[in-house]
Amino acid sequence: MIGYAAVFHNPGDQGTVYEVERGLFERIAPTAFERDLRDGQDILACVAHDERFTLGSTTDGRLHLSVDPRGLAFRLTLPDTAVGEHVAHLVHTRRVWGCSINFDIRASRRFRVRGVDAVELTDVRLCHIALTNRPAYRSTTCVLRSGAGPD
């Protein structure tokens with residue numbers, strides 16, 4: 001499985017902005033994940049933010065994360081379990097199509113743009129990525145690679 005667990009702000013794509021609360025918007029800076037990726041932080045991949053349904057991690061080698069101009073890209077090898085099979089089916093049938101992230105904010109900056117309050121996440125401690133059908137950032141993705149499924 002591959003996709004984008006998080007997407008960086010793109011002014012032409014409303015799916016790269018999240019309305020945290022009425023009148024306050026959040027976006028992610030390209031620097032947000034640098035520290036965790038550099039330091040080899042263990043990050044989990046799970047279903048719907050439920051760590052009881054962990055699919056892999058960066059430590060076990062099932063989850064690979066990288067940053068490119070679009071955002072936080074991932075490659076996940078699904079486990080050969082009932083949960084892995086179920087997740088593959090949900091993604092294949094597009095019942096699950098996006099991602100979300102769980103994180104703690106290390107650094108951010110607040111600003112106003114055209115009279116709207118915004119916060120840009122510049123450094124976060126990433127706890128996990130989650131496959132979901134209700135992503136906060138609607139431009140995130142998850143798809144099965146050709147011929148992919150549980151190994």
Side-chain angles (χ1 to χ4, degrees), residues 1-10 12-21 24-109 118-151:
M1 176 175 304
I2 59 173
Y4 283 89
V7 287
F8 300 140
H9 180 246
N10 175 347
D13 181 354
Q14 285 300 309
T16 65
V17 177
Y18 170 58
E19 188 170 14
V20 178
E21 59 186 49
L24 176 63
F25 292 85
E26 176 185 273
R27 67 189 197 189
I28 302 172
T31 59
F33 308 106
E34 286 177 352
R35 186 187 319 196
D36 284 348
L37 295 182
R38 180 188 66 233
D39 295 346
Q41 177 73 24
D42 185 32
I43 311 299
L44 303 177
C46 59
V47 180
H49 293 291
D50 190 336
E51 291 184 2
R52 291 176 301 166
F53 298 106
T54 297
L55 302 168
S57 72
T58 53
T59 299
D60 73 14
R62 289 186 167 280
L63 176 63
H64 299 273
L65 298 171
S66 62
V67 169
D68 67 22
R70 184 171 175 199
L72 180 65
F74 75 92
R75 186 177 76 245
L76 175 64
T77 302
L78 291 173
D80 188 13
T81 64
V83 172
E85 291 282 345
H86 185 65
V87 167
H89 174 74
L90 292 174
V91 171
H92 176 73
T93 59
R94 305 299 293 154
R95 290 187 183 124
V96 169
W97 54 269
C99 288
S100 186
I101 56 175
N102 180 282
F103 59 89
D104 296 315
I105 300 171
R106 289 183 180 125
S108 64
R109 70 179 189 95
V119 62
E120 183 173 55
L121 306 176
T122 57
D123 185 11
V124 301
R125 184 182 70 79
L126 189 58
C127 302
H128 68 245
I129 70 167
L131 308 179
T132 183
N133 62 350
R134 294 182 185 258
Y137 290 88
R138 309 247 342 136
S139 290
T140 61
T141 59
C142 66
V143 297
L144 293 177
R145 293 174 293 181
S146 179
D151 54 289

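- With a 4.5 Å cut-off on side-chain heavy atoms, Val87 and Phe53 do not count as touching.
- The side-chain hydrogen bond (donor to acceptor under 3.5 Å, both in side chains) test with Ser139 singles out one residue from Asn10, Thr16, Asp13, and that residue is Asp13.
- Here salt bridge (Lys or Arg N to Asp or Glu O under 4.0 Å) pairs that include residues 41-54, with residues two or more places apart or in two chains, are Asp50-Arg52.
- The minimum heavy-atom distance linking Ala32 with Ile28 is given by the pair CB-CG2, 3.6 Å.
- Taking a 6.0 Å sphere around CD of Gln14, one finds it holds 12 or fewer heavy atoms contributed by other residues, nucleotides or ligands.
- When all heavy atoms of Pro69 and Phe8 are compared, the pair lying nearest together is O-CD1, 3.7 Å.
- Counting only heavy atoms from C-beta outward, the side chains of Leu63 and Arg75 never approach each other to under 4.5 Å.
- Annotation for Gly15 and Val7: closest pair O-CG2, 3.8 Å, computed over non-hydrogen atoms.
- Surrounding NE2 of His86 are at most 12 heavy atoms belonging to other residues, nucleotides or ligands under 6.0 Å away.
- When atom types are taken as modelled, the side chain of Arg62 and the backbone of Leu76 share no donor-acceptor pair closer than 3.5 angstrom.
- Using a 4.5 Å heavy-atom cutoff, the side chains of Leu55 and Leu131 are in contact.
- In this structure, Thr141 contributes its side chain and Tyr4 its backbone to a donor-acceptor pair below 3.5 Å.
- In this structure a side-chain-to-backbone donor-acceptor pair under 3.5 Å is missing from Asp39 to Gln41.
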Under the criterion side-chain contact (heavy atoms from CB on, under 4.5 Å), I'd like the reasoning laid out for Arg27 against Val119: C-alpha separation, chi angles, the key distance, then a yes or no. CA-CA 6 Å; Arg27 67 189 197 189; Val119 62; over 6 Å; no

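- Residue pairs meeting the salt bridge (Lys or Arg N to Asp or Glu O under 4.0 Å) criterion with at least one member in residues 98-108, sequence neighbours excluded, are Asp36-Arg106, Asp104-Arg125, Arg106-Asp123.
- By the neighbour-count criterion of 12 heavy atoms within 6.0 Å, atom NE2 of His92 is sparsely surrounded, having that number or fewer from other residues, nucleotides or ligands.
- Taking both residues in full, the closest heavy atoms of Val67 and Pro30 are given as CG1-O, 4.4 Å, listed atom of the first, atom of the second, then distance.
- Note that CD1 of Ile43 and OG of Ser57 are 9.5 Å apart. Values are rounded to the nearest 0.5 Å.
- Under the 3.5 Å distance criterion, the side-chain polar atoms of Thr122 are left unmatched by any main-chain donor or acceptor of Ala29.
- When all heavy atoms of Cys142 and Met1 are compared, the pair lying nearest together is CB-SD, 4.2 Å.
- Side-chain contact between Phe103 and Ile105 is present, with heavy atoms from C-beta onward closer than 4.5 Å.
- Proximity of Leu126 to Leu65: side-chain heavy atoms (C-beta onward) are separated by under 4.5 Å at one or more points.
- Here the shortest heavy-atom pairing between Ala5 and Thr140 reads O-CG2, 3.6 Å.
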Which pairs of donor and acceptor atoms, one on a side chain in residues 95-102, lie under 3.5 Å apart (sequence neighbours left out)?
unit_1: Arg95; atom_1: NH1; unit_2: His89; atom_2: NE2; d: 3.2
unit_1: Ser100; atom_1: OG; unit_2: His49; atom_2: NE2; d: 2.9

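- To the nearest 0.5 Å, atom CG of residue Leu90 and atom CG of residue Asn133 are 8.5 Å apart.
- Leu37 has its side chain within reach of Leu72: a pair of non-hydrogen atoms, C-beta onward, lies under 4.5 Å apart.
- Between the CD atom in Glu26 and the CD atom in Glu19 there is a gap of 11.5 Å [rounded to 0.5 Å].
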